[in-house]
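Below is one structure; the comments refer to it alone.
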Amino acid sequence: QVQLVESGGGLAQAGGSLRLSCAASGGTISNYAMGWFRQAPGKDREFVAAITWNGIITYYADPVKGRFTISRDNAKNTVYLQMNSLKPEDTAVYYCAAQNGPVPYVLREKYDYWGQGTQVTVSS
């Protein structure tokens, strides 16, 4: 069973940057599509970004396109989310998720494993 642990969250000012990491253990993620989701207080967990198993194709939610970049290093069993030009509305708990298959979905129900989340707070 794959365990996922996110890190890199914290407090940033609007316009700033953060880089989230998601380290996997208990198995290799090289056969998994990977995704990032986020959940703000009082809101549903929403799709942010996803990447195919080989890192060639990426997908982004409209609110983060052009600002966030998802990447992966299968040799390190790690997925990243580079977040630039942060906005207060990006404030949320960010979750990493693994989907057993080559191509990711945007639906959270399709994902098999989840991390515990890391808090991102953006001040104006």
Side-chain angles (χ1 to χ4, degrees):
Q1 178 151 345
V2 174
Q3 290 89 42
L4 304 173
V5 177
E6 302 94 337
S7 62
L11 178 64
Q13 290 188 334
S17 299
L18 286 172
R19 188 194 195 202
L20 305 184
S21 298
C22 171
S25 60
T28 177
I29 61 168
S30 59
N31 295 325
Y32 289 80
M34 300 296 294
W36 285 96
F37 290 75
R38 67 186 181 186
Q39 188 167 17
K43 294 187 177 181
D44 289 336
R45 192 171 299 187
E46 64 177 6
F47 170 78
V48 175
I51 190 167
T52 53
W53 68 276
N54 55 7
I56 292 178
I57 303 175
T58 56
Y59 307 84
Y60 297 95
D62 286 344
V64 307
K65 280 182 181 177
R67 300 188 298 121
F68 291 11
T69 302
I70 187 172
S71 60
R72 65 190 297 161
D73 186 338
N74 286 343
K76 294 183 178 180
N77 232 18
T78 302
V79 179
Y80 305 96
L81 185 69
Q82 177 67 44
M83 306 186 295
N84 298 329
S85 301
L86 284 164
K87 303 176 180 180
E89 50 263 45
D90 294 320
T91 295
V93 177
Y94 283 71
Y95 297 89
C96 172
Q99 176 198 307
N100 193 356
V103 179
Y105 290 89
V106 298
L107 297 175
R108 61 180 187 265
E109 294 80 6
K110 296 292 188 179
Y111 286 78
D112 302 288
Y113 303 105
W114 290 85
Q116 83 290 347
T118 185
Q119 176 71 47
V120 171
T121 303
V122 184
S123 63
S124 57

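Bear in mind the structure is a predicted one, so any value in this text is a computation, not a measurement.
Y111 and A97 get closest at one heavy-atom pair: CD2-CB, 3.5 Å. Between T52 and P104, the closest heavy-atom pair is CG2-CD, 3.7 Å. The two atoms that bring T78 and K76 nearest to each other are OG1-O, 2.8 Å, heavy atoms only.
Q116 is linked by a side chain to side chain contact (heavy atoms under 4.5 Å, CB included) to V5, E6, counting only residues two or more places apart in sequence or in another chain. Shown here are the side chain to side chain donor-acceptor pair (under 3.5 Å) partners of T58, two or more places apart in sequence or in another chain: there are none.
Residue E89 places its CD atom among more than 12 non-hydrogen atoms of other residues, nucleotides or ligands, all under 6.0 Å distant.
Hydrophobic clustering of Ile, Leu, Val, Met, Phe, Trp and Tyr side chains at less than 4.5 Å, counting indirect connections, unites V120 with V64. In the hydrophobic clustering of this structure, W36 groups with V2; members are Ile, Leu, Val, Met, Phe, Trp, Tyr whose side-chain heavy atoms approach within less than 4.5 Å, directly or through other members. By the rule that hydrophobic residues join a cluster once side-chain heavy atoms approach within less than 4.5 Å of another member, W53 and L4 end up as members of separate clusters. Linking ILVMFWY side-chain heavy atoms closer than 4.5 Å, directly or via other members, places L81 and L86 in a single hydrophobic cluster.
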- Begin with the C-alpha distance, continue with both residues' side-chain angles, and end with the deciding distance and a verdict on side chain to side chain contact (heavy atoms under 4.5 Å, CB included) for T28 and N74. CA-CA 8 Å; T28 177; N74 286 343; 5.9 Å; no
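Partner of F37 under the ring-ring contact (aromatic ring centres under 6.0 Å, His included) criterion, chosen from Y95, W114, Y105: W114.
Interatomic distance, T69 OG1 to M83 CE, rounded to the nearest 0.5 Å: 11.0 Å. In this structure, the separation between CG on L11 and CD on Q119 is 10.0 Å, given to the nearest 0.5 Å.
Put simply, the side chain of N77 gets close to the backbone of I29: a donor and an acceptor are under 3.5 Å apart. The closest donor-acceptor contact from the side chain of R72 to the backbone of A33 lies at 3.5 Å or more, if one exists at all.
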Please tabulate, for side-chain N and O atoms in residues 41-51, each donor-acceptor pair with protein atoms closer than 3.5 Å (sequence neighbours left out).
from : atom 1 : to  : atom 2 : distance (Å)
R45  : NE     : Q39 : OE1    : 3.4
E46  : OE2    : R38 : NE     : 2.7
E46  : OE2    : R38 : NH2    : 3.3

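Residues in residues 54-78 take part in no ring pair (Phe, Tyr, Trp, His ring centres under 6.0 Å) pair, two or more places apart or across chains. Residue pairs that meet the salt bridge (Lys or Arg N to Asp or Glu O under 4.0 Å) test with at least one member in residues 50-69, sequence neighbours left out, are D62-K65, R67-D90. Annotation: disulfide (SG to SG under 2.5 Å) contacts involving residues 20-122, sequence neighbours excluded, comprise C22-C96.
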